[in-house]
Amino acid sequence: MSQKNNKTEANIPQAVSAQFSEDVIEERLMPNPLSQFSMDEDALRLALITAQYALRATRQRAPTTTNEPTGVLVLVNGMEQAGKGGAVKQLREWVDPRLLKVEATVGGCPLAHQPIWQAHIKMMPRHGDVMVYFGNWYADLLHNTMRMAIAESKNTDDTSEDNEHEKVGWQAYFQQQLVKLKTFEKDLAANHTKLLKCWFHVDVETLQARLNDTEADPQFLYQIDWHSKKVIETFNAVAVTLLRQQDDWIIIDGKDKSQAANHFCHEVLQAMQNALTSSQPMTTKNKTKSSSKKSKNHKSKSHKTPESAFESEKFEPVKIPTYLKDIENSKIDKADYQKTLIAKQTRLAELLRARNGHQVVFAFEGMDAAGKGGAIKRLVAPLDPREYQIYNIGAPMLYEAEHPYLWRFWTKLPNQQTDRISRIAIFDRTWYGRVLVERVEGFATEKEWQRAYDEINRFEADLTAVGTIVIKYWLAIDKKEQLKRFEARKETPHKQFKLTEDDWRNRDKWSDYVQSAADMLARTDTADAPWCVVATNDKRQARLEVLDHAIKQLSAAYGL
């Protein structure tokens, strides 16, 4: 695992770094629901810059501490001409702009074969950073919903044939997507990316006056005509549905732009303070302080901790199934193997090229030397290298570790919005590392890996819901056969690079790894993405079984 840099930030202004005493943390960095009613401009600006640097410093602490560096993602949505741009501009002027990232989208139709959040995953802030994201995934959702709602109001069929969810009506579609986004956002929060969701609103009269008095953006937010009162009525109906179903939005009145900007800055301050509080090591001292504050103050909306709703039950280890202990030692004749292999490879290639727009994700897991690389090599042999991507997953790089756990896998999914033509992703080791190596080696806390089962199941369900075909393999090998292959690698010059000290060290924890595999298979074998366990003591037979299973899964997905 990557070690976090524990050096002190060299470029923190002395006037700010000098503030980091226990008293200041207590007075200026702890959330205070009443602060927006008592802080003048100078006090607010100082509190913002102090919180900004303190948040960044959380990822600079020594790795021996129990802090959890946390990023803050501010989602900015709402009506056109409601003061969003001015509010973010003021925030940028009041903080160190080098530590504030701003991104924006205006909304577009989500692609049919990827989850609505996938187009936005690269916009996640690093832990310790603050990012303001105009539009975001709600822009896509609102754009698509408004298009559907307007078409329905005209009694026309403006839905595309390849987008099945558009045929259910805008209300049902909107509700379905909000449920998915709610769980996605809770998983973000649980993985140290706290969200602040701000909805800017103005009345129709104010909106129309501003549209007439200013040079409006030629490409309106959500790509709708804000001059049309009928469109605004429809938008308000959609907005009411959103705000009623998701109670974690902060509504900012944009009638007075100056007040709206100040309100926004106060909310961002409290979001940073809340993130700082959650990143602090929970010593007995600050547990007492936190309890005392809760008894004195009511919790405001921006201080919610939605991740608590996803607290997973504590799992007990399952009984290790026989197929992980007693591995079959069947043999197949080499000549028969070669003949059968070519036929199966040809059929698999035909199916992979007949995807009809669907993405395909292969996930390979197994003990060291179980034959993952060999199985993958035979799987892709008949394909053009441009048709697929292979990802060999190891320990995360530092920048990857400073994002939500699944982020480095989200960014590797097949993506129709990139120039890359491949729509097949093959993972040699996967997101299951959290419940395997990270669990056994102590790189993840017990809370993190216990929670990861549900996070992974939701991730895979989101993929399959949009038509992605997820095919997962556990390649099973026994301890005796593994040693035999280790010794062969050690004696074969062109294979020696495959054998490392980590392989021998992991072998010493064989029973722990088998138990973690048994738990993983029991808790993540779902209808959306079932596991296929393949005995690999005989490599040839194992490779044929992998191909057989892939052919069966793809044929079923295509209805063949």
Specify the closest pair of heavy atoms between P396 and A401, including all atoms of both residues, with the distance to one decimal.
-> CB-N, 4.2 Å
Indicate yes or no for a side-chain donor-acceptor contact from T58 to the backbone of A54 under 3.5 Å, with no hydrogens or angles considered.
-> no
Qualifying residues under ring pair (Phe, Tyr, Trp, His ring centres under 6.0 Å), relative to F235, sequence neighbours excluded | W199, Y222, W226
Could you give me the CA-CA distance, side-chain angles and deciding distance for L221 and H143, then say whether side chain to side chain contact (heavy atoms under 4.5 Å, CB included) is met?
-> CA-CA 9 Å; L221 190 61; H143 166 82; over 6 Å; no
Which residues share a side-chain hydrogen bond (donor to acceptor under 3.5 Å, both in side chains) with W117, sequence neighbours left out = D462
Of all residues at least two apart in sequence or in a different chain, which pass the ring pair (Phe, Tyr, Trp, His ring centres under 6.0 Å) check with H120?
-> Y133
Please tell me if the side chains of L44 and C265 come closer than 4.5 Å, counting only heavy atoms from C-beta onward.
-> yes
Taking all heavy atoms of G108 and all of D140, pick out the closest pair and write down the distance.
-> N-OD1, 3.0 Å
What residues form a side-chain hydrogen bond (donor to acceptor under 3.5 Å, both in side chains) with K180, not counting sequence neighbours?
-> none
About how many Å separate CZ of R56 and CG of D96, when rounded to the nearest 0.5 Å?
-> 8.0 Å
Would a distance-only check, ignoring hydrogens and angles, find a side-chain to backbone donor-acceptor pair under 3.5 Å from E93 to Q90?
-> no
For the side chain of Q259 and the backbone of G254, is there at least one donor-acceptor N/O pair under 3.5 Å apart?
-> no
Which residues pass the ring pair (Phe, Tyr, Trp, His ring centres under 6.0 Å) test with W449, sequence neighbours left out?
-> none
Is the side chain of N136 donor-acceptor paired with the backbone N or O of L75 at a distance under 3.5 Å, no angle test?
-> no
For the pair H263 and I250, evaluate side chain to side chain contact (heavy atoms under 4.5 Å, CB included) and give the outcome as yes or no after the intermediate values.
-> CA-CA 10 Å; H263 184 185; I250 301 297; 4.0 Å; yes
Are side-chain heavy atoms of F134 and N77 found at a separation under 4.5 Å?
-> no
Working to the nearest 0.5 Å, report the span between CZ of F200 and CD1 of I251.
-> 12.0 Å
Measure from the side-chain N and O atoms of R210 to the backbone N and O of Q81, and report whether any donor-acceptor pair falls under 3.5 Å.
-> yes
Is there any salt bridge (charged side-chain N to carboxylate O under 4.0 Å, His left out) pair reaching into residues 104-114, and which pairs are they, with sequence neighbours excluded?
-> none
Got a salt bridge between E233 and K229, using NZ or NE/NH1/NH2 to carboxylate O under 4.0 Å?
-> no
Between CG on residue N457 and OG1 on residue T526, distance to nearest 0.5 Å | 5.5 Å
Show the numbers, then the answer: is there a side chain to side chain contact (heavy atoms under 4.5 Å, CB included) between W407 and W410?
-> CA-CA 5 Å; W407 181 83; W410 296 337; 4.1 Å; yes
Taking Q52 for its side chain and V95 for its backbone only, find out whether a donor-acceptor pair lies under 3.5 Å.
-> no
Value for OG1 (T411) from NZ (K122), rounded to nearest 0.5 Å, stands at 7.0 Å
Partners of D256 by side-chain hydrogen bond (donor to acceptor under 3.5 Å, both in side chains), sequence neighbours excluded?
-> none
Just by modelled atom types, is the I424 backbone N or O under 3.5 Å from a matching donor or acceptor in the Q359 side chain?
-> no
Salt-bridged, D187 to R451, with N to O below 4.0 Å?
-> no
What residues form a salt bridge (charged side-chain N to carboxylate O under 4.0 Å, His left out) with R126, not counting sequence neighbours?
-> E402
Hey, what do you get for OG1 (T105) to CE (M123), rounding to the nearest 0.5 Å?
-> 8.0 Å
Can any side-chain N or O of T430 pair as donor or acceptor with the backbone N or O of F427 at less than 3.5 Å?
-> no
Kindly indicate whether the side chain of L406, heavy atoms from C-beta on, has any atom under 4.5 Å from the side chain of N191.
-> no
Do T206 side-chain atoms and V202 backbone N/O form a donor-acceptor pair below 3.5 Å?
-> no
Closest heavy-atom contact between A51 and L276?
-> O-CD1, 3.8 Å
Side-chain heavy atoms of D129 within contact of L99, under 4.5 Å = no
Between H113 and T468, does a side chain to side chain contact (heavy atoms under 4.5 Å, CB included) hold up when you go through it step by step?
-> CA-CA 7 Å; H113 298 297; T468 298; 5.5 Å; no
For residues V437 and F443, report the shortest heavy-atom separation together with the two atoms involved.
-> O-CD1, 4.4 Å
Parallel, tilted or perpendicular for W137 and F184, by the 30°/60° rule?
-> perpendicular
Any side-chain heavy atom of V132 within less than 4.5 Å of one from K84?
-> no
Under the salt bridge (charged side-chain N to carboxylate O under 4.0 Å, His left out) test, residues paired with E448 that sit two or more places apart | none
State, yes or no, whether a side-chain contact exists between K194 and L188 at a heavy-atom distance under 4.5 Å.
-> no
Within-4.5 Å side-chain heavy-atom neighbours: F264 and C198 | yes
Identify, with sequence neighbours excluded, every residue that meets side-chain hydrogen bond (donor to acceptor under 3.5 Å, both in side chains) alongside R45.
-> none
Heavy atoms, side chains only, cut-off 4.5 Å: are H227 and L211 in contact?
-> yes
Side chain to side chain contact (heavy atoms under 4.5 Å, CB included) against D42, all qualifying residues, sequence neighbours excluded = D40
What about the rings of Y405 and W431, do their centers lie closer together than 6.0 Å?
-> no
Working to the nearest 0.5 Å, report the span between CG of N274 and OG1 of T70.
-> 9.5 Å
What residue pairs, at least two apart or across chains, pass salt bridge (charged side-chain N to carboxylate O under 4.0 Å, His left out) with a residue in residues 197-207?
-> E185-K197, K197-D248, D203-K255
Is there a donor-acceptor contact under 3.5 Å from the side chain of T277 to the main chain of Q273?
-> yes
